[in-house]
Amino acid sequence: MKCTAVAPANIAFIKYWGRTDATLRLPANPSVSMNLSASTTTTTVEFSNGYSEDSIELLETGGFSAKENRRVIRQLDIVREYAGVNTRARIVTKNTFPKSSGAASSASGFAALTMAAASALGLTLPEKELTMMARLGSGSACRSIPDGFVKWEGEAAYSLYPHAYWDLRDILVIVENRAKDVSSSAGHDTAGTSPYFPERLKRIPDRLARLERALAEKNFRAFGEVTEEDCLDMHRVMQTQTPPLFYWNDATRTLMEAVRVWRSTGIPVYFTIDAGPNVHLLCEGNNEGRVREALSTMVGIADVIVNAPAEGAHIVTDHLF
Ligand code: DP6
(Lines give C-alpha, C1' and ligand atoms only; values in the text may rest on other atoms or scores of the structure.)
Protein backbone atom coordinates (compact mmCIF):
# COMPACT_ATOMS: atom_id res chain seq x y z
CA MET A 1 0.00 0.00 0.00
CA LYS A 2 1.10 3.55 -0.71
CA CYS A 3 0.88 6.36 1.85
CA THR A 4 2.08 9.95 1.96
CA ALA A 5 2.78 12.06 5.03
CA VAL A 6 3.67 15.71 5.43
CA ALA A 7 5.69 16.69 8.49
CA PRO A 8 6.90 20.10 9.66
CA ALA A 9 10.41 20.90 10.80
CA ASN A 10 10.43 22.30 14.32
CA ILE A 11 12.44 24.91 16.16
CA ALA A 12 13.42 24.22 19.76
CA PHE A 13 13.20 26.98 22.36
CA ILE A 14 14.88 24.73 24.93
CA LYS A 15 17.28 22.60 22.89
CA TYR A 16 18.02 18.89 22.77
CA TRP A 17 21.80 18.59 22.97
CA GLY A 18 23.47 15.44 24.27
CA ARG A 19 21.86 12.15 25.19
CA THR A 20 21.89 9.38 27.75
CA ASP A 21 21.57 6.62 25.15
CA ALA A 22 22.92 7.16 21.65
CA THR A 23 21.21 4.17 20.01
CA LEU A 24 17.80 4.85 21.52
CA ARG A 25 18.31 8.60 21.14
CA LEU A 26 17.22 9.31 24.69
CA PRO A 27 17.85 12.99 25.42
CA ALA A 28 19.99 14.29 28.27
CA ASN A 29 17.30 16.91 28.93
CA PRO A 30 13.70 17.68 27.99
CA SER A 31 13.20 20.09 25.10
CA VAL A 32 10.33 22.31 23.91
CA SER A 33 9.68 23.31 20.31
CA MET A 34 7.24 24.75 17.81
CA ASN A 35 6.36 23.19 14.46
CA LEU A 36 7.17 25.32 11.41
CA SER A 37 4.47 25.91 8.80
CA ALA A 38 6.66 26.67 5.78
CA SER A 39 9.47 24.17 6.37
CA THR A 40 8.05 20.76 5.62
CA THR A 41 8.95 17.36 4.23
CA THR A 42 6.53 15.34 2.14
CA THR A 43 7.26 11.62 1.86
CA THR A 44 5.52 8.88 -0.08
CA VAL A 45 6.23 5.27 0.89
CA GLU A 46 5.01 2.26 -1.05
CA PHE A 47 5.65 -1.30 0.07
CA SER A 48 5.39 -3.93 -2.63
CA ASN A 49 6.49 -7.50 -3.21
CA GLY A 50 7.42 -6.22 -6.67
CA TYR A 51 10.41 -4.33 -5.21
CA SER A 52 13.56 -6.41 -4.73
CA GLU A 53 15.29 -3.67 -2.73
CA ASP A 54 14.50 -0.39 -0.99
CA SER A 55 14.90 2.69 -3.14
CA ILE A 56 15.03 6.27 -1.89
CA GLU A 57 14.73 9.38 -3.98
CA LEU A 58 15.02 12.96 -2.76
CA LEU A 59 13.36 15.35 -5.21
CA GLU A 60 14.55 18.84 -6.11
CA THR A 61 17.10 19.48 -3.37
CA GLY A 62 19.79 16.95 -4.34
CA GLY A 63 20.16 13.27 -3.40
CA PHE A 64 21.03 11.50 -0.16
CA SER A 65 24.55 10.36 0.68
CA ALA A 66 25.17 6.62 1.18
CA LYS A 67 25.24 7.25 4.93
CA GLU A 68 21.90 9.04 4.86
CA ASN A 69 20.43 6.22 2.76
CA ARG A 70 21.50 3.70 5.39
CA ARG A 71 19.90 5.78 8.12
CA VAL A 72 16.61 5.90 6.19
CA ILE A 73 16.66 2.14 5.61
CA ARG A 74 17.41 1.53 9.29
CA GLN A 75 14.30 3.51 10.14
CA LEU A 76 12.25 1.56 7.59
CA ASP A 77 13.52 -1.64 9.22
CA ILE A 78 12.28 -0.43 12.61
CA VAL A 79 8.79 0.13 11.19
CA ARG A 80 8.90 -3.19 9.29
CA GLU A 81 10.00 -5.07 12.38
CA TYR A 82 7.15 -3.53 14.39
CA ALA A 83 4.66 -4.59 11.69
CA GLY A 84 6.28 -8.04 11.36
CA VAL A 85 6.90 -7.78 7.61
CA ASN A 86 9.92 -7.82 5.34
CA THR A 87 8.52 -6.16 2.21
CA ARG A 88 10.79 -3.71 0.36
CA ALA A 89 9.72 -0.15 -0.32
CA ARG A 90 10.01 2.72 -2.73
CA ILE A 91 10.38 6.10 -1.02
CA VAL A 92 10.15 9.49 -2.67
CA THR A 93 10.62 12.59 -0.56
CA LYS A 94 10.70 16.35 -0.99
CA ASN A 95 11.67 19.25 1.29
CA THR A 96 10.58 22.86 1.06
CA PHE A 97 13.95 24.04 2.41
CA PRO A 98 17.67 23.22 1.94
CA LYS A 99 18.81 19.91 3.42
CA SER A 100 21.44 19.83 6.19
CA SER A 101 21.50 23.60 6.63
CA GLY A 102 20.46 23.67 10.26
CA ALA A 103 16.85 23.94 9.11
CA ALA A 104 16.13 20.63 10.87
CA SER A 105 15.51 18.48 7.80
CA SER A 106 16.16 15.35 9.85
CA ALA A 107 13.22 16.19 12.13
CA SER A 108 10.65 16.67 9.38
CA GLY A 109 12.26 13.92 7.29
CA PHE A 110 12.11 11.18 9.90
CA ALA A 111 8.69 12.27 11.15
CA ALA A 112 7.23 12.09 7.62
CA LEU A 113 9.02 8.83 6.83
CA THR A 114 7.90 7.13 10.04
CA MET A 115 4.29 8.22 9.71
CA ALA A 116 4.05 7.34 5.99
CA ALA A 117 5.75 3.96 6.44
CA ALA A 118 3.68 2.99 9.49
CA SER A 119 0.49 3.97 7.73
CA ALA A 120 1.48 2.19 4.49
CA LEU A 121 1.93 -0.98 6.54
CA GLY A 122 -1.53 -0.58 8.03
CA LEU A 123 -0.32 0.25 11.54
CA THR A 124 -2.62 2.50 13.53
CA LEU A 125 -0.40 3.74 16.31
CA PRO A 126 -1.35 6.14 19.09
CA GLU A 127 0.49 9.45 18.73
CA LYS A 128 2.76 8.66 21.68
CA GLU A 129 3.99 5.44 20.04
CA LEU A 130 4.59 7.25 16.78
CA THR A 131 6.69 9.90 18.51
CA MET A 132 8.75 7.13 20.12
CA MET A 133 9.28 5.43 16.78
CA ALA A 134 10.20 8.68 15.00
CA ARG A 135 12.68 9.46 17.79
CA LEU A 136 14.69 6.37 16.87
CA GLY A 137 15.32 7.89 13.43
CA SER A 138 16.21 11.36 14.67
CA GLY A 139 15.66 12.67 18.17
CA SER A 140 14.07 15.95 17.19
CA ALA A 141 11.73 14.11 14.77
CA CYS A 142 9.55 13.06 17.70
CA ARG A 143 8.68 16.74 18.23
CA SER A 144 7.36 17.04 14.65
CA ILE A 145 4.55 14.53 15.21
CA PRO A 146 2.24 16.31 17.75
CA ASP A 147 0.41 19.56 17.04
CA GLY A 148 1.84 23.06 17.54
CA PHE A 149 3.96 23.64 20.66
CA VAL A 150 5.55 20.39 21.76
CA LYS A 151 7.50 19.04 24.73
CA TRP A 152 9.77 16.02 24.47
CA GLU A 153 10.82 14.36 27.68
CA GLY A 154 12.31 10.92 28.02
CA GLU A 155 10.91 8.53 25.45
CA ALA A 156 8.06 10.51 23.95
CA ALA A 157 6.79 13.91 22.87
CA TYR A 158 3.38 15.51 23.33
CA SER A 159 1.60 18.74 22.48
CA LEU A 160 1.62 21.48 25.13
CA TYR A 161 -0.60 23.79 23.04
CA PRO A 162 -2.18 23.49 19.58
CA HIS A 163 -0.67 25.54 16.76
CA ALA A 164 -3.43 28.18 16.87
CA TYR A 165 -2.66 28.90 20.54
CA TRP A 166 -0.17 31.74 19.99
CA ASP A 167 0.43 33.63 16.74
CA LEU A 168 4.23 33.58 16.75
CA ARG A 169 6.58 33.82 13.77
CA ASP A 170 9.82 32.03 13.14
CA ILE A 171 11.51 34.00 10.35
CA LEU A 172 14.22 31.62 9.21
CA VAL A 173 17.09 33.53 7.64
CA ILE A 174 19.16 31.28 5.41
CA VAL A 175 22.60 32.82 5.29
CA GLU A 176 24.35 30.01 3.52
CA ASN A 177 23.11 26.93 1.67
CA ARG A 178 26.30 24.91 2.06
CA ALA A 179 25.71 21.59 3.85
CA LYS A 180 27.28 21.64 7.29
CA ASP A 181 30.51 19.73 7.97
CA VAL A 182 29.61 18.05 11.24
CA SER A 183 26.26 16.37 11.68
CA SER A 184 24.38 17.05 14.89
CA SER A 185 24.21 13.27 15.47
CA ALA A 186 27.99 13.16 15.92
CA GLY A 187 27.87 16.31 18.04
CA HIS A 188 25.41 14.82 20.56
CA ASP A 189 27.83 11.99 21.27
CA THR A 190 30.65 14.29 22.35
CA ALA A 191 28.53 16.94 24.10
CA GLY A 192 29.60 15.49 27.46
CA THR A 193 33.25 16.40 26.79
CA SER A 194 32.42 20.08 27.31
CA PRO A 195 33.07 21.29 30.88
CA TYR A 196 29.91 23.36 30.48
CA PHE A 197 27.66 20.40 29.68
CA PRO A 198 26.87 19.58 33.35
CA GLU A 199 26.39 23.31 33.97
CA ARG A 200 23.78 23.52 31.24
CA LEU A 201 21.94 20.45 32.53
CA LYS A 202 21.79 21.99 35.99
CA ARG A 203 20.13 25.11 34.60
CA ILE A 204 17.60 23.29 32.41
CA PRO A 205 14.83 22.65 35.02
CA ASP A 206 14.60 26.34 35.92
CA ARG A 207 14.78 27.34 32.27
CA LEU A 208 12.01 24.89 31.31
CA ALA A 209 9.82 26.24 34.08
CA ARG A 210 10.44 29.81 32.87
CA LEU A 211 9.70 28.88 29.27
CA GLU A 212 6.52 27.00 30.14
CA ARG A 213 5.35 29.92 32.28
CA ALA A 214 6.07 32.35 29.43
CA LEU A 215 4.09 30.14 27.05
CA ALA A 216 1.19 29.84 29.50
CA GLU A 217 1.09 33.62 29.94
CA LYS A 218 1.97 34.42 26.30
CA ASN A 219 4.66 36.67 27.75
CA PHE A 220 6.76 37.30 24.63
CA ARG A 221 9.62 39.05 26.35
CA ALA A 222 10.12 36.29 28.94
CA PHE A 223 9.75 33.72 26.17
CA GLY A 224 12.37 35.43 23.98
CA GLU A 225 14.85 35.91 26.81
CA VAL A 226 14.84 32.29 27.93
CA THR A 227 14.95 31.02 24.34
CA GLU A 228 17.97 33.16 23.46
CA GLU A 229 19.65 32.18 26.71
CA ASP A 230 19.33 28.45 26.02
CA CYS A 231 20.49 28.85 22.42
CA LEU A 232 23.65 30.64 23.54
CA ASP A 233 24.19 28.08 26.29
CA MET A 234 23.90 25.16 23.84
CA HIS A 235 26.37 26.85 21.48
CA ARG A 236 28.74 27.42 24.39
CA VAL A 237 28.65 23.65 25.00
CA MET A 238 29.11 22.95 21.27
CA GLN A 239 32.09 25.30 21.00
CA THR A 240 33.82 23.78 24.02
CA GLN A 241 33.30 20.10 23.31
CA THR A 242 36.07 17.94 21.84
CA PRO A 243 36.29 18.37 18.90
CA PRO A 244 34.68 21.81 19.13
CA LEU A 245 31.75 22.63 16.86
CA PHE A 246 31.50 26.13 15.43
CA TYR A 247 28.33 26.51 13.42
CA TRP A 248 28.21 30.31 13.09
CA ASN A 249 29.72 32.36 10.28
CA ASP A 250 30.12 36.13 9.82
CA ALA A 251 26.54 36.55 8.58
CA THR A 252 25.25 34.65 11.63
CA ARG A 253 27.13 36.93 14.02
CA THR A 254 26.07 40.07 12.14
CA LEU A 255 22.43 39.01 12.47
CA MET A 256 22.76 38.18 16.16
CA GLU A 257 24.14 41.67 16.73
CA ALA A 258 21.43 43.24 14.55
CA VAL A 259 18.73 41.58 16.66
CA ARG A 260 20.11 43.32 19.76
CA VAL A 261 20.13 46.65 17.92
CA TRP A 262 16.58 46.13 16.63
CA ARG A 263 15.41 45.36 20.15
CA SER A 264 17.00 48.55 21.44
CA THR A 265 14.98 50.48 18.85
CA GLY A 266 11.76 48.91 20.15
CA ILE A 267 11.24 45.90 17.86
CA PRO A 268 10.39 42.86 20.02
CA VAL A 269 12.47 40.16 18.30
CA TYR A 270 14.77 37.39 19.58
CA PHE A 271 16.94 34.82 17.85
CA THR A 272 17.72 31.16 18.11
CA ILE A 273 20.17 29.02 16.12
CA ASP A 274 20.46 25.26 15.68
CA ALA A 275 23.40 23.19 14.39
CA GLY A 276 24.08 25.42 11.40
CA PRO A 277 24.71 29.05 10.47
CA ASN A 278 21.08 30.04 9.81
CA VAL A 279 19.27 32.33 12.21
CA HIS A 280 15.67 31.93 13.37
CA LEU A 281 14.15 35.32 14.21
CA LEU A 282 11.27 35.00 16.65
CA CYS A 283 8.52 37.60 16.95
CA GLU A 284 4.78 37.86 17.38
CA GLY A 285 2.62 37.89 14.26
CA ASN A 286 1.78 41.59 14.56
CA ASN A 287 5.49 42.46 14.41
CA GLU A 288 6.36 40.34 11.37
CA GLY A 289 6.31 43.37 9.04
CA ARG A 290 8.70 45.37 11.23
CA VAL A 291 11.16 42.49 11.48
CA ARG A 292 11.04 41.84 7.75
CA GLU A 293 11.58 45.49 7.03
CA ALA A 294 14.59 45.62 9.37
CA LEU A 295 15.90 42.47 7.72
CA SER A 296 15.59 43.94 4.23
CA THR A 297 18.49 46.30 4.95
CA MET A 298 20.89 43.41 5.63
CA VAL A 299 23.27 41.99 3.02
CA GLY A 300 24.48 38.39 2.62
CA ILE A 301 21.09 36.73 3.00
CA ALA A 302 20.35 33.84 0.65
CA ASP A 303 16.72 33.23 1.55
CA VAL A 304 14.03 34.03 4.12
CA ILE A 305 11.35 31.51 5.13
CA VAL A 306 8.49 32.88 7.23
CA ASN A 307 6.98 30.23 9.49
CA ALA A 308 3.92 30.35 11.72
CA PRO A 309 3.15 27.63 14.29
CA ALA A 310 1.96 24.50 12.48
CA GLU A 311 0.10 21.27 13.05
CA GLY A 312 2.11 18.10 13.42
CA ALA A 313 2.76 15.31 10.91
CA HIS A 314 -0.31 14.14 9.04
CA ILE A 315 -1.37 11.86 6.21
CA VAL A 316 -2.33 13.41 2.87
CA THR A 317 -3.89 11.93 -0.24
CA ASP A 318 -1.61 13.51 -2.87
CA HIS A 319 1.25 11.10 -3.55
CA LEU A 320 4.68 12.01 -4.98
CA PHE A 321 4.56 9.07 -7.42
C1 DP6 B 1 20.72 21.55 17.63
O2 DP6 B 1 17.55 15.66 16.24
O3 DP6 B 1 19.22 16.37 14.50
O4 DP6 B 1 18.74 21.09 16.41
O5 DP6 B 1 18.89 12.67 17.20
O6 DP6 B 1 21.11 12.69 16.13
O7 DP6 B 1 19.08 13.09 14.74
P8 DP6 B 1 19.72 13.25 16.09
O9 DP6 B 1 19.90 14.80 16.32
P10 DP6 B 1 18.95 15.99 15.89
O11 DP6 B 1 19.49 17.14 16.87
C12 DP6 B 1 18.94 18.40 16.87
C13 DP6 B 1 19.78 19.31 17.66
C14 DP6 B 1 19.42 20.76 17.60
C15 DP6 B 1 18.60 21.18 18.81
C16 DP6 B 1 17.12 20.78 18.81
O17 DP6 B 1 16.49 20.73 17.75
O18 DP6 B 1 16.60 20.56 19.92
Side-chain angles (χ1 to χ4, degrees), residues 7-36 39 41 64-65 67-68 70-72 74-75 78 95 97 99-114 131-145 149-157 170 172 179-192 194 197 200-201 204 207-208 211 226-239 241 245-248 252 271-280 282 307:
N10 65 73
I11 183 66
F13 306 135
I14 301 292
K15 309 287 189 187
Y16 148 52
W17 195 247
R19 40 197 176 205
T20 55
D21 187 311
T23 315
L24 294 178
R25 290 189 150 81
L26 291 171
N29 63 277
S31 53
V32 175
S33 64
M34 175 183 104
N35 290 331
L36 302 177
S39 308
T41 300
F64 283 119
S65 66
K67 195 172 156 201
E68 287 166 329
R70 278 198 298 278
R71 197 168 159 190
V72 169
R74 220 172 25 239
Q75 184 66 2
I78 287 170
N95 291 328
F97 54 89
K99 186 167 75 76
S100 298
S101 61
S105 60
S106 72
S108 54
F110 281 96
L113 172 70
T114 307
T131 72
M132 289 163 68
M133 206 182 251
R135 189 201 78 226
L136 298 171
S138 172
S140 54
C142 71
R143 298 190 310 236
S144 288
I145 303 275
F149 298 83
V150 177
K151 183 170 185 182
W152 168 25
E153 46 188 348
E155 294 188 313
D170 176 313
L172 170 55
K180 65 196 179 206
D181 298 321
V182 189
S183 75
S184 38
S185 285
H188 285 290
D189 294 334
T190 47
S194 163
F197 184 67
R200 175 164 184 267
L201 289 186
I204 289 283
R207 223 173 257 163
L208 274 169
L211 179 76
V226 70
T227 298
E228 227 171 72
E229 183 182 308
D230 190 59
C231 161
L232 292 173
D233 206 16
M234 175 183 74
H235 281 273
R236 180 168 74 146
V237 170
M238 289 167 156
Q239 291 168 6
Q241 34 186 104
L245 301 174
F246 296 100
Y247 288 111
W248 304 342
T252 316
F271 66 77
T272 189
I273 304 162
D274 279 344
N278 302 319
V279 180
H280 296 252
L282 300 164
N307 297 282

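All heavy atoms count here, side chains included; hydrogens, waters and symmetry mates do not. Just follow the structure's listing: the first ligand is 1, and inside any ligand the first atom is 1. Residues: numbered from 1 along the sequence shown. The model shown is predicted, which means the values in this text are computed figures rather than measured ones.
At distances below 3.5 Å, not a single donor-acceptor pair connects side-chain atoms of Asn278 with backbone N or O atoms of Leu172.
Under the 4.0 angstrom criterion for non-hydrogen atoms, Ala275 is in contact with ligand 1. Between Arg71 and ligand 1 there is a heavy-atom distance shorter than 4.0 Å. Distances from ligand 1 to the non-hydrogen atoms of Ser31 include no value under 4.0 Å. For Arg19, the closest heavy-atom approach to ligand 1 falls below 4.0 Å.
Contacts with ligand 1 closer than 4.0 Å are made by side-chain heavy atoms of Ser106 only, the backbone lying farther away.
In this structure, the side chains of Leu36 and Met34 come closer than 4.5 Å at one or more pairs of heavy atoms. At a threshold of 4.5 Å between non-hydrogen side-chain atoms, the residues Ser185 and Arg25 count as touching.
Partners of His188 according to the ring pair (Phe, Tyr, Trp, His ring centres under 6.0 Å) rule, which considers only residues two or more places apart in sequence or in another chain, are Tyr16, Trp17. Taking the side chain to side chain contact (heavy atoms under 4.5 Å, CB included) definition, one finds that Leu201 meets it with Ala28, Asn29, Phe197, sequence neighbours left out.
In terms of N/O distances under 3.5 Å, ligand 1 is not approached by Ile14.
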Please lay out, stage by stage, how Leu24 and Glu155 fare under the test side chain to side chain contact (heavy atoms under 4.5 Å, CB included). CA-CA 9 Å; Leu24 294 178; Glu155 294 188 313; over 6 Å; no
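When Lys15, Arg143, His188 are ranked by how near their heavy atoms come to atom 12 (C) of ligand 1, first place goes to His188.
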